[in-house]
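Have a look at the structure below before the remarks.
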Amino acid sequence: MSDAENPDDEFEPVQVFGDEDGADLRPGSDDCYKCSTCDTNCPVAEVDDDFPGPKFQGPEQWRLKRKEDHDIDDSVMKCSNCMRCDGACPSNVPLSQMHNTARGEYVDEQMETLSREYVRNRILSNYRFFASLGSKVPRLSNFVMGLGITSWLGEKVMGISSEREMPEFATQTFREWWEERGGVAASKKRAREARAERGEDKTNSPDKRIAYFHGCYSNYNTPEVGKAMVRVFEHFGYEVVVPPQRCSGTPMFANGMVDDARRAAETNVEEFVAAIGDGADVIASCTSCSMSLRQEYPELFDIEGIDDLSAHTYEAVEYLRIYEDLDTALAGADADFPDTAYHAPCHARNQGLEGQAIEVADRIDGVEATDVGDSCSGISGTYGWKAENYDTSMKIGSEMFDHMDETEAETGMTECPTCAMQMEHGTGYDIRHPLELLEAALVEG
């Protein structure tokens with residue numbers, strides 16, 4: 001079984017604003033005591049002495065807000081949204097929800113919309129829009145984005161660190177591959193063939209169906225992850241559907257662009273609740289995406305069907321561990337797959353999923369996967385792309401880099417695309433996804 005919480009459990013939303021006239025945030029702040037456990041678990045506070053920490057950004061700031069004469073402190077924009085504070089708090093104070101709400105209020109009421117910071121953050125938050133343009137001419141886009149002058153201008157004009165290597169666009173997006181392959185009809189045919197081969201009796205076992213939330217990066221940059229997801233689930237007899245979708249909203253939450261996140265959420269809830277109504281569960285291959293759909297959406301938005309989406313959303317490997325007998329499926333399996341140094345993303349830890357990739361790898365002959373510890377990668381989505389955060393990001397990630405170098409592997413593995421960027425940036429290793437490992441063991445072999 002998965003280390004995740006019971007799939008029937010629902011995240012309980014916490015009321016953020018008491019009414020339209022003011023912030024009454026919140027009963028949760030009264031549950032915060034003087035332990036400072038969240039501060040000691042915050043990777044930003046550990047390396048940045050000027051950052052006041054999640055306790056101040058959350059409960060202490062909302063106590064001040066009750067006096068109605070205090071602005072949100074601008075240090076809230078230094079929070080990386082890793083959400084480790086949620087898991088660390090012994091009193092279940094909804095810290096990340098407080099931080100998301102505070103960033104949204106700060107951006108709406110205190111940040112100048114013509115400022116460089118606002119424009120930069122808006123661009124980073126809406127990566128999907130710009131990726132959709134760049135992917136139309138991927139080779140030209142990759143050439144232009146790889147130029148030194150482009151990186152220099154990005155930092156001087158927009159404040160995007162020139163130290164970062166821009167991710168390359170795939171020559172064919174996942175959705176283009178999906179349509180060329182035959183879409184839902186082709187997936188249904190393959191799933192039924194796999195079920196017949198596995199000896200599953202349709203009269204006693206109804207059709208299995210999942211709706212894939214591929215997110216932005218697996219669509220535009222690493223379609224091989226999406227392809228692996230489809231092939232692995234079809235191998236277990238699942239018909240895959242790929243509804244229309246927008247960004248999960250994770251980078252928008254992290255940058256205080258809550259209105260943008262809500263617009264994206266409205267589309268995603270409508271499309272995926274319809275798929276749930278047709279008998280599908282929702283699967284994400286990125287742990288930040290699954291976190292957004294199952295926790296941040298119901299915490300921050302009141303949209304019809306949002307709790308249904310939350311209750312039916314899973315990370316891909318988590319779902320297989322809950323509903324399939326992976327031990328039997330992997331018994332005797334081997335894979336032509338490099339030894340890996342595995343990093344569990346913070347958003348995987350927040351969902352209780354940090355150990356699953358290693359457990360899966362241990363069941364596959366010929367594969368050695370080493371867990372490199374519980375440190376944060378430091379990039380935290382868009383956080384490490386900002387010029388003012390780059391050095392802090394690399395300091396946070398240094399422990400992970402060291403642990404990766406100490407292993408005998410020269411390939412990394414993680415479920416998070418931005419963690420993968422940081423791992424590659426800090427070590428030069430090629431980075432793979434656990435779904436690619438399962439594909440090598442179950443499909444390609």
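- For the side-chain contact (heavy atoms from CB on, under 4.5 Å) test with Ile396, the passing option among Asp48, Val44, Ile379 is Val44; the others fail.
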Evaluate the side-chain hydrogen bond (donor to acceptor under 3.5 Å, both in side chains) criterion for residues Gln245 and Thr267: first the C-alpha distance (whole Å), next the side-chain angles of each, then the deciding distance (0.1 Å), finally the verdict.
-> CA-CA 7 Å; Gln245 57 194 264; Thr267 296; over 6 Å; no

Which is it for Asp73 and Tyr106 under the side-chain hydrogen bond (donor to acceptor under 3.5 Å, both in side chains) test, yes or no, and what are the steps along the way?
-> CA-CA 8 Å; Asp73 191 86; Tyr106 177 81; over 6 Å; no

Could you please spell out the steps behind the salt bridge (Lys or Arg N to Asp or Glu O under 4.0 Å) verdict for Arg321 and Glu359?
-> CA-CA 10 Å; Arg321 294 179 73 229; Glu359 291 183 16; 2.5 Å; yes

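- Applying the 6.0 Å contact sphere to CD of Glu266 captures more than 12 heavy atoms from other residues, nucleotides or ligands.
- Annotation: cation-pi geometry not satisfied between Lys78 and Phe51 (NZ/CZ under 6.0 angstrom from ring centroid, within 45° of ring axis).
- Judged purely by atom type and a 3.5 angstrom limit, Thr313 uses its side chain to pair as donor or acceptor with the backbone of Leu309.
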side-chain hydrogen bond (donor to acceptor under 3.5 Å, both in side chains) between Tyr212 and Ser285: does it pass, once the steps are laid out?
-> CA-CA 8 Å; Tyr212 180 33; Ser285 52; 2.8 Å; yes

Check against ring pair (Phe, Tyr, Trp, His ring centres under 6.0 Å), His425 and Tyr390 = CA-CA 12 Å; His425 181 67; Tyr390 175 77; 5.8 Å; yes

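- One finds the CE atom of Met400 at 8.5 Å from the SG atom of Cys376 (value rounded to the nearest 0.5 Å).
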Check the pair Tyr314, Phe213 against side chain to side chain contact (heavy atoms under 4.5 Å, CB included), reporting the backbone distance first and the verdict last.
-> CA-CA 10 Å; Tyr314 302 82; Phe213 189 91; over 6 Å; no

So Glu368 and Thr340, side-chain hydrogen bond (donor to acceptor under 3.5 Å, both in side chains) or not? Walk me through it.
-> CA-CA 6 Å; Glu368 182 69 32; Thr340 63; over 6 Å; no

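- Salt bridge present: Asp327 and Arg363 bring a charged side-chain N and a carboxylate O closer than 4.0 Å.
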Please walk me through it: do Arg294 and Glu299 pass salt bridge (Lys or Arg N to Asp or Glu O under 4.0 Å)?
-> CA-CA 9 Å; Arg294 75 202 303 187; Glu299 283 183 345; over 6 Å; no

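- For the atom pair CD (Gln57) and CZ (Arg103), the distance works out to 8.5 Å, reported to the nearest 0.5 Å.
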